[in-house]
Number of protein chains: 2
Amino acid sequence: MKIEPLLKYINKYVSLTQEETDFLVSKVIYRKYLKGQYLAQQGDVCKYSCFVISGCTKTFYMDEEGQEHIMMFSIEDWWTSDMSSFINQTPADFNIQFLENTELIMFPYDVIEDLYLQIPKLERFFRQIIEKAFIASQKRLVRNLSMTAKDRYIYFRDQYPQIEQRIPQYMVASYLGITKEFLSKIKSQLLTED
Amino acid sequence: MKIEPLLKYINKYVSLTQEETDFLVSKVIYRKYLKGQYLAQQGDVCKYSCFVISGCTKTFYMDEEGQEHIMMFSIEDWWTSDMSSFINQTPADFNIQFLENTELIMFPYDVIEDLYLQIPKLERFFRQIIEKAFIASQKRLVRNLSMTAKDRYIYFRDQYPQIEQRIPQYMVASYLGITKEFLSKIKSQLLTED
DNA sequence: AAATTATGTTAACTTAGTTTAACATTTTAA
DNA sequence: TTAAAATGTTAAACTAAGTTAACATAATTT
């Protein structure tokens, strides 16, 4: 059970005692998934909030016309979950699929309250994590409202080079909110420009 | 000092004792602002996270071309703040301006830690508030990625009729990420359709 | 090594949304 | 109560982005 990356990550926010760490470790689940498998599916209740040890996921919404809209990618040291579904235990809006073989630490819904009670520091920790996620979401929203597709691509490429290298281009296009053909055009424009 | 609406709101999430309530009340600030004034400005550090007692604010980003992009409106019983600036005490990305004379309960940055220490329940409370805000932000993002401007307008109109009635139409357009002329066209289309 | 399957490119055409500008209406201030 | 300022409408010309479809290349599988 590779849990070191999670403990290291938590330690950046709060300091756990040995007992607290042991309790935490006893409550979470280490698991591997294969490329293509699903962690969560639109309509189902999302039972886990997960920390990625290795690998990669995409979180996407499938609209009525069957079009995929990618909300986010998660790689090492990031979280993946359908927050709305997980927190309210309601049917998920999103699908989460593995883009690579992936190792996760899974936090089951029914141990979360227990963790908060036994380790109040984790309440603080998760508050801070969610604050960060909210801020990132707001900033992405403003980029989508104020920037052209070309500038959004340039921003993505500069900000997440590790992600761009690992995933097919048509998924980047979906994340940016444009078609794969249009992203292809943008990239060829950028090549001839410089 | 009208603080009842805030206490009622908090009580939906956690139960405070009389001492805790008194401590909280002693730490926050009640204040009125006039229409047109600013609570926060792009570039300044946001010193307060605020709960709206009455009135209305808009939170917007001003881009390099001087165009306003409205991120959110806040009315009674909602929060307003530049989260990123407030939490990290870094220069704000957003402006927050009052659209009406507005009454607020202000949480100063330098009392927040104190509040968490003295009233651990508030850590839980704010975690839950931010979870809700994050979920709403994610859902708005997916609407912006997957719906046409017309459908986004219909959704807004149906979801926030109280807001649409209080603010000028060109601000609704900005919130939806379209021009006021295009929103005007959409509305006249909707009138002739039904 | 050949054959699929998945991914990426290009170009012609269409559509959603923007720009500009002129005018109409409503609200606010003098 | 009239003028000025703020807000809303319309339409023509334009642009960013989507659609379709044919083809090219890379990655897997047999």
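Per chain, numbering begins at 1; letters A, B, ... match sequence-line order. The basis for the numbers below is simple: all heavy atoms, side chains too, and nothing from hydrogens, waters or symmetry mates.
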Calculate the interatomic distance between A/Lys187 atom NZ and D/dA17 atom P; express it in whole Å.
-> 17 Å
Whole-Å distance, A/Asn144 CG to D/dA17 P, equals 11 Å
Does the distance from a Lys or Arg side-chain N to an Asp or Glu carboxylate O, for A/Arg124 and B/Glu113, drop under 4.0 Å?
-> yes
B/Arg127 and B/Glu131 ion-paired at < 4.0 Å | yes
Along DNA chain C (nearest heavy atom to each residue), the more 5'-positioned of B/Lys150 and B/Lys35 = B/Lys150
Carboxylate-amine/guanidinium contact B/Glu68 B/Lys58, below 4.0 Å = yes
No-hydrogen, no-angle side-chain donor-acceptor test under 3.5 Å, B/Tyr30 and B/Glu103 = yes
From B/Arg166, B/Lys35, B/Lys32, residue fulfilling salt bridge (Lys or Arg N to Asp or Glu O under 4.0 Å) relative to B/Glu100 | B/Arg166
Ring centers of B/Tyr9, B/Phe51 separated by less than 6.0 Å | yes
Do we see a donor-acceptor contact under 3.5 Å between the side chains of B/Lys180 and B/Gln169?
-> no
Walk along DNA chain C from 5' to 3' and tell me the first and last nucleotide with an atom closer than 4.0 Å to a non-hydrogen atom of chain A.
-> C/dT7 to C/dT10
What bend angle does the helix from C/dA1-D/dT30 to C/dA30-D/dT1 show across its length, from five-pair end axes and to the nearest 10 degrees?
-> 50°
Cationic N near anionic O, under 4.0 Å, A/Glu4 to A/Lys8 | no
Indicate yes or no: does A/Arg157 engage A/Glu164 in a salt bridge with an N to O separation below 4.0 Å.
-> no
Heavy-atom contacts under 4.0 Å between residues 160-185 of chain B and DNA chain D, which residues?
-> B/Pro168, B/Gln169, B/Tyr170, B/Glu181, B/Ser184
Expressed in angstrom and rounded to an integer, what is the separation of B/Leu99 atom CG from D/dA6 atom C1'?
-> 14 Å
Only one of B/Phe126, B/Phe86, B/Tyr48 passes ring pair (Phe, Tyr, Trp, His ring centres under 6.0 Å) with B/Phe107, and that residue is B/Phe126
